[in-house]
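In this text, all values refer to a predicted model and were calculated from it rather than measured experimentally. First listed ligand is number 1; within each ligand, the first listed atom is number 1.
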Amino acid sequence: MNDRDRTFSNLSGDGKKFIPLYRPDLSGNERRYVLECLDSTWISSNGNFVGRFEKEFARAVDIPHAVTVTNGTVALHLALHGLGIGPGDEVIVPTFTYIASVNTIVQTGAKPVFVDSLASDWLLDPDEVERKITARTKAVMAVHLYGAICDMGSLQKIAARRNLLLVEDCAEALGATLAGRHAGTFGDVACFSFYGNKTVTTGEGGMVATKNAALAERLRFLKNQGQDPQRRYWHTELGFNYRMTNICAAIGLAQIERLAAIVARKRAIADLYRGLLGNSPVACQKPNAAVASSEWLFSVLLPEGIERDRVAGFLADNGVETRPVFHCAHQMPMYLSRELFPKAEEISRRGISLPSFPGLRDSDIEGIVDLLKASLRR
Ligand SMILES: *Cc1c(COP(=O)(O)O)cnc(C)c1O
């Protein structure tokens, strides 16, 4: 059975009902645009879908400049490197995040400085950020997890007062808004991911967006091997090949055309989950009042004393894929630290994500919630 059959029948290989954690919705112009690419033979990064995707993306998130790259991780690396962050610098980052947020800081030669999260929205705690600032601190990386947005008002004030750069990791927050403004519009630079399970996907892909025209120009130069834009094969600085292919951009353009519909469906899914789980002992992520989450992955904290692996196993036995939330970076071998981050550790220990893709039916969600509730009673 191929992926296409699965899309329509919702069955796994052995014919049993299977609900994956994620499945991209490629039902718009994706196929048409990719075929246009193939027919034209423009399949490298030299093709007109790249520019079209960047333009439509910039419009969708209301940030003037958008630069495509090969994935969300290199988006972060390019942004940090492009801002001049490197050896001797410190970058403040939540310990509860996807590892790419931390690794890319280290890849520049800078040092990641971990902070705890807030118990309410699971995102970095501005008071903790303030406490960790030293003479070496160059930037704060605000990571907007699961579709919510950090307290950017407080972070902007801290950044302005202490003269710090503000980087937004928006990999999970495309389509989210704070006081009506899009994720990515609050900092100096914003990074997005288009991995297969992200709100908008190109398979693998990423974007760096900024309102700073000079920075955007520098990012384009760096992602193209540091080549002089006026002189081919003349490289004036260490650069990278982080260019997105035209095929990926073709898929991205078709996806971004339907961003509003995708986010609307994901919000409806999360609302349904929340309603059905209202009287259960699980705790949902609680974004700040002014945040309209994009509801990337609907995730909950299981009650204290409930073993997450057992719940996940029970759901898996019944054909429902889940996934644990991230481990804290300071608990992994590379970044092991004795310092305690009690809130982040608790979220990391108790959190689990439920299927959250646009094609999910309401009846699927009801079934998933029934299974989750049953697993909590056992
Ligand atoms: C997905 C993700 C990334 C990295 O994106 P890739 O495209 O997988 O490289 C970075 N940060 C966060 C928070 C993510 O969820």
heavy-atom search around atom 15 (O) of ligand 1 in the protein gives E172 OE2, 2.6 Å
Is there a nitrogen or oxygen of S193 sitting under 3.5 Å from a nitrogen or oxygen of ligand 1?
-> yes
Decide if the gap between the ring center of F57 and the ring center of F194 is smaller than 6.0 angstrom.
-> yes
Taking NZ, NE, NH1 and NH2 as the nitrogens, is one of them in R218 or E237 under 4.0 Å from a carboxylate oxygen of the other?
-> yes
Does K198 reach ligand 1 with a nitrogen or oxygen that is under 3.5 Å from one of the ligand's nitrogen or oxygen atoms?
-> yes
Report yes if Y98 has an N/O atom closer than 3.5 Å to an N/O atom of ligand 1; otherwise report no.
-> no
Using a distance-only test with no angle check, is there a side-chain donor-acceptor pair under 3.5 angstrom linking D169 and S101?
-> yes
Residue V143 vicinity, atoms of ligand 1 by number, heavy atom under 4.0 Å = 13 (C)
Backbone or side chain, does any N or O of A171 fall under 3.5 Å from an N or O of ligand 1?
-> no
Going by heavy atoms in the side chains, are T68 and T202 under 4.5 Å from each other?
-> no
Heavy-atom contact under 4.0 Å between H144 and ligand 1?
-> no
Mark up the atoms of ligand 1 that fall under 4.0 Å of a heavy atom belonging to T73, in ascending order.
-> 4 (C), 5 (O), 6 (P), 9 (O)
May I ask you to check whether D169 has an N/O atom sitting below 3.5 Å from an N/O atom of ligand 1?
-> yes
Are any non-hydrogen side-chain atoms of V325 and S353 less than 4.5 angstrom apart?
-> yes
Measure the shortest side-chain to side-chain distance between K223 and F240 over non-hydrogen atoms and say whether it is less than 4.5 angstrom.
-> no
For the pair R131 and E128, find out whether any cationic side-chain nitrogen is under 4.0 Å from an anionic carboxylate oxygen.
-> yes
